[in-house]
There are 2 protein chains.
Amino acid sequence: METQPTFRALADPTRRDILLMLRDKEMTIAEVTDNFDMTRAAVKKHLTVLSDGGLITVRAQGRERINSLNPAGMAPIRDWLTFFDAFWDTRLSALKSEIEKDTQ
Amino acid sequence: METQPTFRALADPTRRDILLMLRDKEMTIAEVTDNFDMTRAAVKKHLTVLSDGGLITVRAQGRERINSLNPAGMAPIRDWLTFFDAFWDTRLSALKSEIEKDTQ
DNA sequence: TACATATGAAACCATAAGGTACCATGTCAA
DNA sequence: TTGACATGGTACCTTATGGTTTCATATGTA
């Protein structure tokens, strides 16, 4: 799996905001654009980068393009972060005890 | 907490490689440079970006600068990713069962 | 069909980013 | 003190990136 496109996609604040918006509902390019102070063309470029990073999926519906969040696309990031888990004993044990408490 | 410097720091593959190297041991700028095909000045810039992102700490030791991994700096990324946890039921339950198996 | 709507795409701009070259400064060692 | 060594810092170059404008194309609708 190529991680670069995903890290690259997350590096821009506008794109991260778009992802947060798409949590609530799928949106057309025009709808996404309504939330920003920039042209539709600029937003389209951001959506392309997000798509390249596997963070969203796009499907055509008539003349519209429905953009949907693809949370699975964040796996490369999560996986890469696990490379540093050895330094996170504290956090991991906290999570573990939290889950254990939950399963009682 | 400002997340942008951290996401920005992780967007470059060279910088991610530097972080992986620093897991094993602290390194001076010259030592980090030995691992790449670029000048010390370029590596220094990367280290500055990593420092700005809170991902490494630098301390002076004589004429050297010791660069150390600061895994806590990745918290902003981990925290941001949790915004999408609602879409991760499958992965979370897998982790949960994994931990449950571990605690048997 | 005729016109408005939703995108796609390319040309163009200014700025940010990744690198190099070069010179200054601080520190270790004889 | 005198070099040698490790960095700091700046000027400069090239390419990538974020945006806008403008025009073409496809689809919905009166």
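Owing to the predicted nature of the structure, the values given are computational and were not obtained by experimental measurement. In what follows, every heavy atom counts, from backbone to side chain, and hydrogens, waters and symmetry copies are set aside. Throughout, protein chains are lettered first and strands after them, A, B, ... in sequence-line order, and every chain is numbered starting at 1.
Here C/dA16 presents its C1' atom at 14 Å from CG of B/D52, a figure rounded to the nearest Å. Whole-Å rounding puts the B/R59 CZ to D/dT7 C1' distance at 16 Å. At whole-Å resolution of the value, CD in B/E31 and P in D/dC5 are 16 Å apart. For the pair A/R65 CZ and D/dG28 C1', the computed distance is 14 Å after rounding to whole Å. Nucleotide C/dA9 holds its P atom 10 Å from the CD1 atom of A/I29, rounded to whole Å.
Take B/A42 and apply the side chain to side chain contact (heavy atoms under 4.5 Å, CB included) test, not counting sequence neighbours, and it matches B/M38, B/T39. In this structure A/E31 satisfies the salt bridge (Lys or Arg N to Asp or Glu O under 4.0 Å) test together with A/K25, sequence neighbours excluded. Scored by the side chain to side chain contact (heavy atoms under 4.5 Å, CB included) test, A/P5 finds A/E2 as partners (sequence neighbours excluded).
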Task: Protein proximity profile, nucleotides 17-30 of chain C - base contact B, sugar-phosphate-only contact S, no contact -, cut-off 4.0 Å on heavy atoms - done: SSBBB----BBS--
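Here A/M74 contributes atom CE and B/F84 contributes atom CZ; the two are 4.0 Å apart, rounded to the nearest 0.5 Å.
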Going by atom type alone, with no hydrogens or angles, which donor-acceptor pairs under 3.5 Å involve a side-chain atom of residues 54-61 of chain A and a protein atom two or more places apart or on another chain?
| unit_1 | atom_1 | unit_2 | atom_2 | d |
| --- | --- | --- | --- | --- |
| A/R59 | NH1 | A/E26 | OE1 | 3.4 |
| A/R59 | NH1 | A/E26 | OE2 | 2.9 |
| A/R59 | NH2 | A/E26 | OE1 | 3.0 |

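Note on residues 40-49 of chain A: pairs passing side chain to side chain donor-acceptor pair (under 3.5 Å), not counting sequence neighbours, are A/R15-A/H46, A/K44-A/T48.
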